[in-house]
Protein chains: 2
Amino acid sequence: MNRMRIGDLTERAGVTQRTVRYYESIGLLPSGEREGNGHHYYTEETVTRLQKIDQLKKIGLSLEEIRDVVELYFTDTSGVQPKRKVLGILRRHLADTDQKLEALGLFRSDLQSNIERFERWLEANEGD
Amino acid sequence: MNRMRIGDLTERAGVTQRTVRYYESIGLLPSGEREGNGHHYYTEETVTRLQKIDQLKKIGLSLEEIRDVVELYFTDTSGVQPKRKVLGILRRHLADTDQKLEALGLFRSDLQSNIERFERWLEANEGD
DNA sequence: ATATAATATGACGTTAACGTCATGTTTGCA
DNA sequence: TGCAAACATGACGTTAACGTCATATTATAT
């Protein structure tokens, strides 16, 4: 189904209309083409774009950070200068990500050892 | 230096007074003992507690989530019932953490491959 | 043709995690 | 003893990421 209006778009992408309009307002989503009437029309790409945004949000990126990288998945970024810029952004995000991964890993083993400690205690102190 | 007032505390922990008072107000930090005058007094433990909170924040936990787990590092949680409760919380956080780790890992390799793609393009299209 | 559903736009409300005054009391030092 | 620096408390302000009306126009089913 190509060329849908906001109702179908939000249903397929699992977001609210408010979210779509908010994203349009901050330039995260290109505001769909409008006909003679005031209505906006969207395509399949808008759906996948919204889904991609959702993925990146779950990772913990802010909408501003997402705006930096999401273009990458949907445009051709021609020219040397833009490509260099995107490359810089990507490298920064990679460094950030590695830090987060490390911190999360430490937290995980912290959790793990605490869990084991509690389990041992409970096993020792009652018949369960 | 044990038994300090808020000025030293915030300097050592690298947070503002507002932050300390906010944490006290939401029960994340025990509000330091007060003398006859209205002043609060804190100890070394408060410093390390603030630092622990900061670590957990960097991982992406909300203050509410932190309140759930931070006690663990500073109290004895005696009794079987409380221990069971904490154990439940820990297990939930472990599952959350594993999900985040997986998502972050995927994002990382996504970034990585994009970076390589851009690098190859730049190498091919100019002498650098 | 008309009632109902869908859309557009604007404005105010909300939560988290504090920042920033304003005002009043306490402490520490010359 | 006097006075600037430190502290306490209260209230209003701020940003992100939307939620929730209210109102007006357009689309659609009967």
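Just so we're on the same page: letters track the sequence lines, and every chain starts at 1.
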*For atom CD of A/E11, decide whether the heavy atoms of other residues, nucleotides or ligands shown that lie under 6.0 angstrom number more than 12.*
no
Spacing between [X] atom [atom1] and [N] atom [atom2], to the nearest angstrom:
{"X": "B/L28", "N": "C/dA17", "atom1": "CG", "atom2": "C1'", "value": "11 Å"}
{"X": "A/L29", "N": "D/dA17", "atom1": "CG", "atom2": "P", "value": "15 Å"}
{"X": "A/I26", "N": "D/dT15", "atom1": "CD1", "atom2": "P", "value": "15 Å"}
{"X": "B/L61", "N": "C/dA16", "atom1": "CG", "atom2": "C1'", "value": "14 Å"}
{"X": "B/I6", "N": "C/dT27", "atom1": "CD1", "atom2": "P", "value": "15 Å"}
{"X": "B/L9", "N": "D/dA6", "atom1": "CG", "atom2": "C1'", "value": "14 Å"}

*Check for a donor-acceptor pair, side chain of A/T10 on one end and backbone N or O of A/I6 on the other, with a separation under 3.5 Å.*
yes
*Got a sec, which residues hit salt bridge (Lys or Arg N to Asp or Glu O under 4.0 Å) with B/R21, two or more places apart in sequence or on another chain?*
none
*asked:* Applying side chain to side chain contact (heavy atoms under 4.5 Å, CB included) to B/R5 and B/Y41, what does each step give before you reach the verdict?
replied: CA-CA 5 Å; B/R5 291 184 312 183; B/Y41 287 84; 3.3 Å; yes
*Does OP1 or OP2 of C/dT26 have a side-chain N or O of B/H40 closer than 4.0 Å?*
no
*Ignoring backbone atoms, establish whether A/K57 has a side-chain N or O less than 4.0 Å from OP1 or OP2 of D/dC18.*
yes
*Keeping to residues at least two apart or across chains, list the salt bridge (Lys or Arg N to Asp or Glu O under 4.0 Å) pairs with something in residues 46-60 of chain B.*
A/D110-B/K52, B/R49-B/E71, B/D54-B/K58
*May I ask you to list the residues of residues 17-24 of chain B, by number, that have any heavy atom positioned under 4.0 Å from an atom of DNA chain C?*
B/R18, B/T19, B/Y22, B/Y23
_Residue pair B/V20, B/T46: steps toward the side chain to side chain contact (heavy atoms under 4.5 Å, CB included) verdict_ = CA-CA 10 Å; B/V20 170; B/T46 320; over 6 Å; no
_Could you work out how much the helix from C/dA1-D/dT30 to C/dA30-D/dT1 bends, comparing the axis of its first five pairs with that of its last five, to 10°?_
0°
_Using the rule that Ile, Leu, Val, Met, Phe, Trp and Tyr join whenever any side-chain heavy atoms are under 4.5 Å apart, tell me whether B/L106 and A/L94 fall into a single cluster._
no
_Hphob cluster co-occupancy, B/I26 + B/L50, side-chain heavy atoms under 4.5 angstrom_ = yes
What pairs of nitrogen or oxygen atoms, one from the protein and one from nucleotides 27-29 of chain D, lie under 3.5 Å apart?
from   : atom 1 : to    : atom 2 : distance (Å)
D/dA27 : OP1    : A/N37 : ND2    : 2.4

*Side-chain contact, heavy-atom cut-off 4.5 Å: B/E24 with B/P30?*
no
*Side chains of A/E44 and A/M4: does their closest heavy-atom pair fall under 4.5 Å?*
yes
_Pairs flagged by side-chain hydrogen bond (donor to acceptor under 3.5 Å, both in side chains) wherever residues 95-105 of chain A is involved - sequence neighbours left out_ = A/D98-B/R108
